[in-house]
Trainee: 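I have a structure here, written as C-alpha cells, and I will follow up with some questions on it.
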2 protein chains.
Amino acid sequence: MNYDSYELLENTLRLGGYSVTKQRRLVFELLLKHEPQAMHELYERSIGRLDRASLYRIIALFERLGIVQKLSMGWKYKLELSDMFTGHHHHITCLKCGRVIPIKEDLSIERFITSIAQKHRVSAVKHQLEIQGYCNSCREHDHPLTV
Amino acid sequence: MNYDSYELLENTLRLGGYSVTKQRRLVFELLLKHEPQAMHELYERSIGRLDRASLYRIIALFERLGIVQKLSMGWKYKLELSDMFTGHHHHITCLKCGRVIPIKEDLSIERFITSIAQKHRVSAVKHQLEIQGYCNSCREHDHPLTV
DNA sequence: TATTTATTTGCAAATTTGTTGCAATTTTAT
DNA sequence: ATAAAATTGCAACAAATTTGCAAATAAATA
C-alpha cells in the first residue's frame, strides 16, 4: 500500500544493522493500519503470527530506532508510528470513547517549548501535549456543553 | 510542617465521607516530601508501614478525590499532589538523570488549548505538556549544547 | 544457489505490577 | 466507653513485561 513507508522501515532497520523479518514487517503493518493502539490490541491483532515476547522485543527495538513512539494516554500508553512517518503532532483523547484525535496546529506550542527550554537551560529533545476531554459526539449525549 | 496542606487533605477526605487514617496521612506525607515519584518508589519508601494493596487503594482514592494526579512520563507514570496543592503546571524531564522540573509559565499554553478545543469541538477537561530533554548539568557532561 | 554465520524467534519460566476477598483492626459516631 | 462502619493487612490471584536458551530464519559468503 505505502511503498515509501516500507522502504523507510527497511532502510532504518538495515542502517541500524538489524534484519528485516516477517514479524517486524507484520508489526509495522499493524501500526500503519490502526495507528495509536495499546500493547494488548497490537498483540491480539497479531495472534498466531507472533509471540508476545517477540512483540515486546520488536517494539523496544522500533523505539530505539525511532520507528515507533509511545504515547502516554493518562497513565496508560499507546503505540504509534513516529513523527518520521506521520509528521509531528499532538493528541486529544476522549475520556468517554477513547478516540484519539491528532492535532497538527502546533506553531505556538513549538515557540512555547523553545522559550521554556531556553529559560530553564534545558536542551529539549521531544515534547508531547496531551489534552483529555469529551469529543463532539460523546459530549452531545452525557456532557452538554456549558461553556 | 505544612499545616494548610494537611488541613486540606483532611477536609477533602471528610467531605468525601472517608476517614483520616495514619496510612493515608503517610502516603500524603511522602507525596509532599518527594513529589513526582513512581509507584514502586512510593512503595519502597513506605515499606513496613503500609501494605502494597493498601497503597494502591489509597492512591486510587486520592485520585478519585482529586488529591493526587498521575503524571505520564514517557510510557511510565509518576504520582504527584494535584493542582489543588501545587497549582497547575507542566514538566520537563531529564532523559539522563530523570529529574523533573516543574514549569509554571503556561499562559500561552492555556490559550492554545482553548483554541484547539474549540476548533475540534471538544470540551477539554485537562491537559499536560511533557518536555523531555537534558537538564543543564547533564548536558554539560555528555551533551554539549550545540544550539 | 548452497552453505556458513549471525541474528531473531518461540517457548517456558520468572519477575514486576496491579487487583480482590475476607478476617482482623482502626476510625467514627453514639 | 461502646457499637457500627470503614479501612487495613494478608494471601492468593491476575495481568503486564522480561529473560534464557534451543530451534528457526535471515544475511553474508563462497
Side-chain angles (χ1 to χ4, degrees), chain A residues 6-7 9-31 36-65 67-80 98, chain B residues 6-7 9-31 36-65 67-80 98:
Chain A
Y6 279 97
E7 256 171 53
L9 168 73
E10 307 210 346
N11 290 340
T12 310
L13 283 170
R14 294 225 157 84
L15 265 169
Y18 298 94
S19 348
V20 176
T21 68
K22 79 169 171 299
Q23 290 85 339
R24 286 175 185 165
R25 258 191 260 106
L26 168 63
V27 172
F28 182 75
E29 227 167 76
L30 291 175
L31 287 167
Q37 52 198 309
M39 206 42 129
H40 70 268
E41 299 174 305
L42 203 45
Y43 175 67
E44 278 147 26
R45 293 191 169 113
S46 74
I47 265 175
R49 294 181 283 172
L50 182 58
D51 183 72
R52 210 184 228 111
S54 307
L55 174 57
Y56 277 98
R57 281 186 283 227
I58 288 172
I59 291 297
L61 174 66
F62 278 13
E63 232 192 320
R64 254 182 292 134
L65 295 178
I67 294 168
V68 135
Q69 58 199 19
K70 279 176 171 157
L71 204 199
S72 353
M73 317 287 308
W75 65 96
K76 299 201 193 297
Y77 70 89
K78 291 193 175 179
L79 300 154
E80 65 172 5
Chain B
Y6 280 96
E7 256 170 53
L9 168 74
E10 306 209 348
N11 290 340
T12 310
L13 283 171
R14 293 223 157 83
L15 266 168
Y18 298 94
S19 340
V20 176
T21 68
K22 80 168 170 303
Q23 290 85 340
R24 285 172 186 167
R25 257 191 260 105
L26 168 62
V27 173
F28 181 75
E29 228 168 74
L30 291 176
L31 287 168
Q37 53 197 308
M39 205 43 127
H40 71 269
E41 296 173 306
L42 202 45
Y43 175 67
E44 277 148 26
R45 292 191 169 111
S46 74
I47 265 172
R49 296 181 282 174
L50 182 58
D51 184 74
R52 209 187 224 107
S54 308
L55 173 58
Y56 277 98
R57 280 185 285 228
I58 289 172
I59 290 298
L61 174 66
F62 278 14
E63 232 191 320
R64 253 181 293 134
L65 295 176
I67 292 167
V68 135
Q69 60 199 18
K70 280 177 171 155
L71 202 200
S72 355
M73 316 287 308
W75 65 97
K76 302 204 192 295
Y77 69 88
K78 291 192 174 180
L79 299 153
E80 65 172 5

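Below, read A as the first sequence line, B as the second, and so on, with proteins coming before strands; counting in each chain starts at 1.
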Trainee: Does C:dG18 have OP1 or OP2 sitting under 4.0 Å from an N or O in the side chain of B:Y77?
Mentor: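 It does, given that an N or O in the side chain of B:Y77 lies less than 4.0 Å from OP1 or OP2 of C:dG18.
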Trainee: Go through A:L79 and A:E63 one step at a time and tell me if the side-chain contact (heavy atoms from CB on, under 4.5 Å) criterion holds.
Mentor: CA-CA 10 Å; A:L79 300 154; A:E63 232 192 320; over 6 Å; no
Trainee: Roughly, in whole Å, what's the span from OH in B:Y56 to P in C:dG21?
Mentor: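 It is 18 Å, rounded to the nearest whole Å.
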Trainee: CZ of B:R52 versus P of C:dT19: gap in Å, rounded?
Mentor: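 Rounded to the whole Å, the gap is 12 Å.
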Trainee: Please report the distance, rounded to the nearest Å, between CG in A:L61 and P in C:dT7.
Mentor: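 Taking atom P of C:dT7 as the reference, CG of A:L61 is at 13 Å.
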Trainee: Please report the interatomic distance CG(B:L9) to CD(B:E29), rounded to the nearest 0.5 Å.
Mentor: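 The CD atom of B:E29 is 10.0 Å from CG of B:L9, to the nearest 0.5 Å.
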Trainee: What one-letter contact string describes nucleotides 19-30 of chain D from 5' to 3', where B marks a base within less than 4.0 Å of any protein heavy atom, S marks contact via sugar-phosphate atoms alone, and - marks no contact?
Mentor: BB-----SS---
Trainee: Have a look at the helix from C:dT1-D:dA30 to C:dT30-D:dA1 and give the angle its two end axes make, five pairs each, rounded to 10 degrees.
Mentor: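 The end-segment axes of the helix from C:dT1-D:dA30 to C:dT30-D:dA1 are tilted 40° relative to each other.
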Trainee: Tell me: NZ of B:K76 to P of C:dT16, nearest whole Å?
Mentor: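 Taking atom P of C:dT16 as the reference, NZ of B:K76 is at 12 Å.
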Trainee: Can you check whether B:A38's main-chain N or O pairs, donor with acceptor, with B:E41's side chain at less than 3.5 Å?
Mentor: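 Looks like yes, one N/O pair under 3.5 Å.
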Trainee: Just checking, is any N or O donor in the side chain of B:Q37 or B:R45 under 3.5 Å from an acceptor N or O on the other one?
Mentor: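 Yes - a donor-acceptor pair under 3.5 Å links their side chains.
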Trainee: Quick one: do B:L71 and A:W75 satisfy side-chain contact (heavy atoms from CB on, under 4.5 Å)? Show the steps, please.
Mentor: CA-CA 7 Å; B:L71 202 200; A:W75 65 96; over 6 Å; no
Trainee: Given atom CD1 of B:I58 and atom P of C:dT20, what is their separation to the nearest angstrom?
Mentor: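 Those two atoms, CD1 and P, are 16 Å apart.
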Trainee: Given the rule in the salt bridge (Lys or Arg N to Asp or Glu O under 4.0 Å) test, do B:E10 and B:R14 qualify, once you have shown the distances and angles that lead to the verdict?
Mentor: CA-CA 6 Å; B:E10 306 209 348; B:R14 293 223 157 83; 3.6 Å; yes
Trainee: Determine whether the aromatic ring centres of residues A:F28 and A:Y6 are separated by less than 6.0 angstrom.
Mentor: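 That pair passes the under 6.0 Å test.
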Trainee: Please step through side-chain contact (heavy atoms from CB on, under 4.5 Å) for the pair A:I59 and A:L42, ending with a clear verdict.
Mentor: CA-CA 10 Å; A:I59 291 297; A:L42 203 45; 3.8 Å; yes
Trainee: Can you tell me the distance, in whole Å, between the CZ atom of A:F62 and the P atom of C:dT8?
Mentor: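 Rounding to the nearest Å, CZ of A:F62 and P of C:dT8 are 11 Å apart.
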Trainee: Assess whether side-chain contact (heavy atoms from CB on, under 4.5 Å) is satisfied between A:V68 and A:V27, documenting all intermediate values.
Mentor: CA-CA 10 Å; A:V68 135; A:V27 172; over 6 Å; no
Trainee: Pull out every residue in residues 39-49 of chain B that has a heavy atom closer than 4.0 Å to any atom of DNA chain D, ordered by number, or say none.
Mentor: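 DNA chain D contact set from residues 39-49 of chain B: B:R49.
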Trainee: In whole angstrom, what separates B:K70's NZ from C:dT17's C1'?
Mentor: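 Distance, rounded to whole Å: 11 Å.
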Trainee: Relative to A:F62, does A:R24 satisfy both conditions: NZ or CZ under 6.0 angstrom from the six-membered ring centre, and within 45 degrees of the ring's axis?
Mentor: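 Because its charged atom misses either the 6.0 Å distance or the 45° angle limit, A:R24 does not stack over A:F62.
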Trainee: For the atom pair CG (A:L26) and CD (A:Q23), what is the distance rounded to the nearest 0.5 Å?
Mentor: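 Spacing of CG (A:L26) from CD (A:Q23) equals 8.0 Å.
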